[in-house]
Amino acid sequence: GENVEQHPSTLSVQEGDSAVIKCTYSDSASNYFPWYKQELGKGPQLIIDIRSNVGEKKDQRIAVTLNKTAKHFSLHITETQPEDSAVYFCAASRNNFNKFYFGSGTKLNVKP
Amino acid sequence: DSGVTQTPKHLITATGQRVTLRCSPRSGDLSVYWYQQSLDQGLQFLIQYYNGEERAKGNILERFSAQQFPDLHSELNLSSLELGDSALYFCASSVGQGGNEQFFGPGTRLTVL
């Protein structure tokens with residue numbers, strides 16, 4: 001089965017700096033890669049996703065890049081704000097499969 | 001608010017007991033997924049139902065079972081509870097069978113004493 005590894009496990013940045021979280025996956029057939037943000041006491045919320053037919057996707061301060069050859073994808077948050085503080089999870093799945101394989105999570109702390 | 005509802009929000013019970021967690025998917029979504037999140041752990045996929053039928057199984061223990069009813073709400077039954085079953089249980093829903101965005105509910109926090 002798929003194995004998704006995520007790092008770092010914790011990340012502390014100063015407000016206004018950029019944050020980068022990286023994930024690797026093992027199943028070359030995986031083709032859908034969502035990123036979720038989980039705030040304390042809440043369920044995960046999708047913030048951005050990418051499919052394997054594109055290499056990069058942006059949404060305001062958030063971007064995701066995908067390198068299919070190396071089987072890794074990354075989340076980039078620019079101009080971080082205190083409200084970005086949360087746990088971020090990456091995941092991978094195949095288009096026709098029903099299982100999401102999640103990374104172990106990154107706790108991001110943005111210091112004001 | 002994702003549109004997915006879960007009840008109860010908190011559940012405290014004793015070892016050996018049986019509990020039922022309930023999930024209502026977003027309007028129009030046919031798939032329901034159950035996940036377990038233990039302390040400082042990632043999300044572990046348990047099971048998926050699509051339009052009333054089981055579609056995929058993950059690391060679900062034999063003591064756990066689930067079902068999806070005709071109105072598409074789902075229940076996760078946990079029996080012979082052990083201390084290690086204490087965790088957050090999330091339900092998610094999606095419109096299709098797979099490869100679609102999953103919307104997560106707020107979770108049920110289960111504490112087994």
Side-chain angles (χ1 to χ4, degrees), chain A residues 1-10 21-25 27 29-54 57 59 64 75 86-109, chain B residues 1-7 9-10 21 23-26 29-51 53-60 66 68 87-109:
Chain A
E2 174 68 280
N3 181 44
V4 178
E5 294 189 356
Q6 180 174 349
H7 57 94
S9 57
T10 59
I21 303 171
K22 299 182 179 181
C23 287
T24 60
Y25 61 98
D27 187 351
S30 289
N31 54 12
Y32 176 62
F33 307 93
W35 284 90
Y36 284 83
K37 175 183 180 182
Q38 186 177 21
E39 297 176 334
L40 200 60
K42 297 184 178 180
Q45 181 181 17
L46 181 76
I47 55 172
I48 196 167
D49 57 12
I50 191 168
R51 296 189 186 271
S52 59
N53 56 345
V54 298
K57 184 176 178 181
D59 183 3
V64 57
L75 177 72
V87 178
Y88 291 81
F89 291 98
C90 63
S93 79
R94 297 189 196 180
N95 214 31
N96 296 322
F97 275 46
N98 311 312
K99 299 181 188 181
F100 275 23
Y101 294 89
F102 281 85
S104 54
T106 295
K107 186 173 183 179
L108 174 64
N109 179 34
Chain B
D1 184 1
S2 67
V4 178
T5 60
Q6 288 186 249
T7 57
K9 193 171 178 62
H10 300 280
L21 312 184
C23 168
S24 292
R26 289 189 325 152
D29 285 357
L30 299 178
S31 274
V32 170
Y33 308 77
W34 286 98
Y35 291 87
Q36 180 191 58
Q37 186 177 41
S38 302
L39 190 65
D40 295 331
Q41 294 285 315
L43 290 148
Q44 299 293 320
F45 169 74
L46 295 178
I47 197 165
Q48 181 215 1
Y49 278 82
Y50 174 79
N51 204 21
E53 295 187 6
E54 183 184 304
R55 272 291 183 264
K57 231 172 183 176
N59 301 322
I60 187 166
Q68 186 179 27
L88 270 168
Y89 291 84
F90 287 103
C91 165
S93 73
S94 71
V95 64
Q97 296 192 51
N100 308 112
E101 177 180 355
Q102 293 184 15
F103 296 86
F104 282 77
T108 293
R109 180 173 292 281

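Numbers restart at 1 for each chain; the letters A, B, ... are given by sequence-line order, proteins then strands.
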>> Can you classify the ring geometry of A:F100 versus B:Y33 as parallel (below 30°), tilted (30 to 60°) or perpendicular (above 60°)?
In response: tilted

> Any side-chain heavy-atom pair from B:F104 and A:Q38 closer than 4.5 angstrom?
Replying inline: no

> Any chance CD of B:E54 has more than 12 other-residue heavy atoms, nucleotides or ligands included, within less than 6.0 Å?
Replying inline: yes

>> If you define the side chain from C-beta out and look only at heavy atoms, does anything of A:Y32 sit under 4.5 Å from B:E101?
In response: yes

> Does the gap between the ring centers of B:F45 and A:F102 come in under 6.0 Å?
Replying inline: no

>> What part of A:Y36 gets within 4.5 angstrom of chain B, counting heavy atoms only: side chain, backbone, both, or neither?
In response: side chain

> Any idea which of B:C91, B:P106, B:S31 has the most non-hydrogen atom pairs under 4.5 angstrom with chain A?
Replying inline: B:P106

>> Under 4.5 Å from any heavy atom of chain B, what part of A:P44 do you find: side chain, backbone, both or neither?
In response: both

>> Before you tell me yes or no, could you show the steps for B:Q37 and A:F89 under side-chain contact (heavy atoms from CB on, under 4.5 Å), namely the whole-Å CA-CA distance, both residues' side-chain angles and the distance that decides it to 0.1 Å?
In response: CA-CA 12 Å; B:Q37 186 177 41; A:F89 291 98; 3.3 Å; yes

